[in-house]
Amino acid sequence: GRLVELLSFKPAQIINIQAGNLHPGMAADLCLFDPNCDWLVNDANLLSQGKHTPFHGFPLQGRVAATVVNGQLAFSRIGD
């Protein structure tokens with residue numbers, strides 16, 4: 001509840017754009033995050049075109065599982 005409001009609705013409100021909520025007629029932009037996913041950062045698993053990172057070799061917890069842009073699945077790690 002409150003975390004979603006602070007990370008989506010309020011920032012959209014501050015910059016005065018129609019985003020940050022899931023009401024009928026709004027764009028369905030979602031990021032599904034798995035806070036329990038453990039993974040190791042390396043060049044091979046970065047999806048960015050820039051492969052240089054100060055976190056190479058670091059173990060991390062939490063990872064994006066899927067992204068929906070305007071109601072369409074844009075990225076999915078579900079089932080990997």
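Computed from heavy atoms alone, side chains included, the values below leave out hydrogens, waters and symmetry copies. Numbering of residues begins at 1 and proceeds along the displayed sequence. In this text, all values refer to a predicted model and were calculated from it rather than measured experimentally.
Side chains of Leu40 and His56 form no contact here, defined as non-hydrogen atoms less than 4.5 Å apart.
A donor-acceptor contact shorter than 3.5 Å is absent between the side chain of Asp34 and the backbone of Ala65.
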TODO: Take Arg2 and Leu7 through the side chain to side chain contact (heavy atoms under 4.5 Å, CB included) test and state the conclusion after the steps.
DONE: CA-CA 9 Å; Arg2 181 83 172 128; Leu7 294 176; over 6 Å; no
Open item on the list: Please evaluate residues Gln61 and Asp38 with respect to the criterion side chain to side chain contact (heavy atoms under 4.5 Å, CB included), reporting the C-alpha separation (whole Å), side-chain torsions for both, the decisive distance (0.1 Å), and the verdict.
Closed with: CA-CA 4 Å; Gln61 182 175 353; Asp38 295 322; 3.5 Å; yes
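Between Gln72 atom CD and Asp29 atom CG the span is 11.0 Å, to the nearest 0.5 Å.
Taking Ile, Leu, Val, Met, Phe, Trp and Tyr as members and joining any whose side-chain heavy atoms lie under 4.5 Å apart, directly or through other members, the hydrophobic cluster of Phe58 also contains Trp39, Val41, Leu46, Phe55, Leu60.
Pairing each heavy atom of Ser76 with each of Ile78, the nearest pair is OG-N, 3.2 Å.
Residues forming a side chain to side chain contact (heavy atoms under 4.5 Å, CB included) with Val64 (at least two apart in sequence, or on another chain): Cys31, Phe33, Thr67, Phe75.
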